[in-house]
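Single-structure report; data block below.
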Amino acid sequence: MSVLSLDKVGHAFFGRTILDGIDLQVNACEIVALVGPSGCGKSTLAHIAAGLIEARAGRIHRGYARHAMIFQDPALMPWATAEANIRFALKMAGVPRRLHRDRLRRVAGQVALQPDDMVKYPSELSGGMKQRVSIARALVTAPDFIFFDEPFTALDVALKRRMQDIVIAACASGDLSGLFITHDLMEAARVAHRVAVLDTRGNGILGDRELVLPISDRSDRWLHDWTQDVRRNDPAFLHIHDVDERQIA
Ligand SMILES: Nc1ncnc2c1ncn2[C@@H]1O[C@H](COP(=O)(O)OP(=O)(O)OP(=O)(O)O)[C@@H](O)[C@H]1O
């Protein structure tokens, strides 16, 4: 059963078509990664799917109860501690105050934030710690769907891996579904059950591939072989590269 369904979605900015004829489904308890080169419209599509932008064309059906979003920029309130930032999400979600302490403790454990970290302000936290707070802020409201908009693109390789592990563990422990936007095929293969490819010019979904091996069983070797295989043998994936052209411009 699909919990998110995009039907012939299209969008334009100032008369320039960015997305056209996008059909995409995410099923219950499924993480779908959407890959494509920089500028092809992935973030715009995620924002449309999450309801932040109204699509110019097509239909969107959301069958989940509550969603959360994790962006590349953690966008924490600078005047509030890590704990206050996370607690704010609880208040916005209308979670009764008596449940806050328990929820905060649990989510801090999930993202490995220590009590010392929780009382720090964003300016006192490293990039990785800020992203942990942002993941905690998303998880604390107990969403059943998460939109990930290139959340780990700015992080170094080791940190990126740790963050992916947090996401993988969180998804495995709950009935979570999600749409994970990334231009990094290896990341997509690491966190998702299915990888869909957006056309370079946002002109439809070129194809998608199911990853049958359980996420917890995917070794680095397996991930490497899978990405090489789809790049070489699946026409939909031919234009996907691990390198983000913005970094080599
Ligand atoms: N608010 C906006 N106004 C005008 N043009 C926009 C706006 N947001 C995005 N665009 C344009 O739409 C196109 C798609 O942008 P989008 O950010 O969705 O792509 P992306 O695939 O997520 O790229 P990246 O991987 O670099 O984040 C780009 O050409 C971008 O310049």
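Just so you know, ligand 1 is whichever comes first in the structure, and atom 1 is the first atom listed for that ligand. Heavy-atom basis, side chains included; hydrogens, waters and symmetry copies ignored. Note that this is a predicted model, so its numbers are computed, not measured.
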Using a strict 4.0 Å cut-off to heavy atoms of [X], name the atoms of ligand 1 that fall inside it.
{"X": "Glu150", "value": "24 (P), 25 (O), 27 (O)"}
{"X": "Pro37", "value": "21 (O)"}
{"X": "Ile18", "value": "12 (O), 13 (C), 14 (C)"}
{"X": "Thr44", "value": "15 (O), 16 (P), 18 (O)"}
{"X": "Ser43", "value": "17 (O), 18 (O), 20 (P), 22 (O), 27 (O)"}

Is there at least one pair of N or O atoms, one from [X] and one from ligand 1, spaced under 3.5 Å apart?
{"X": "Cys40", "answer": "yes"}
{"X": "Phe14", "answer": "no"}
{"X": "Ser38", "answer": "yes"}
{"X": "Gly39", "answer": "yes"}

Report task. Sort out for me which residue in Ile48, Asp23, Thr44 forms a side-chain contact (heavy atoms from CB on, under 4.5 Å) with Val9. Result -> Ile48
Report task. Please test His193 against Glu210 for side-chain hydrogen bond (donor to acceptor under 3.5 Å, both in side chains), starting from the C-alpha separation and ending with a verdict. Result -> CA-CA 6 Å; His193 300 103; Glu210 193 114 24; over 6 Å; no
Query raised in the report: What's the verdict on side-chain contact (heavy atoms from CB on, under 4.5 Å) for Thr81 and Lys120, showing C-alpha distance, side-chain angles and the deciding distance?
Result: CA-CA 5 Å; Thr81 62; Lys120 287 183 180 156; over 6 Å; no
**Report entry** Chi angles and distances behind the side-chain hydrogen bond (donor to acceptor under 3.5 Å, both in side chains) call for Ser43, Asp149
**Finding:** CA-CA 6 Å; Ser43 293; Asp149 186 7; 2.8 Å; yes
Report task. Please lay out, stage by stage, how Ser177 and Glu30 fare under the test side-chain hydrogen bond (donor to acceptor under 3.5 Å, both in side chains). Result -> CA-CA 5 Å; Ser177 315; Glu30 182 186 39; over 6 Å; no
Query - Sub-4.0 Å heavy-atom contact, His47 with ligand 1 - result: no
Query raised in the report: Do any heavy atoms of Gly36 fall under 4.0 Å from ligand 1?
Result: no
Query raised in the report: Is a donor on one side and an acceptor on the other found under 3.5 Å between the side chain of Arg103 and the backbone of Val140?
Result: yes
Query raised in the report: How are the rings of Phe147 and Phe145 set relative to one another: parallel (under 30°), tilted (30 to 60°) or perpendicular (over 60°)?
Result: tilted
Query raised in the report: Looking at Asp165 and Arg161, does any basic side-chain N land under 4.0 Å from a carboxylate oxygen?
Result: no
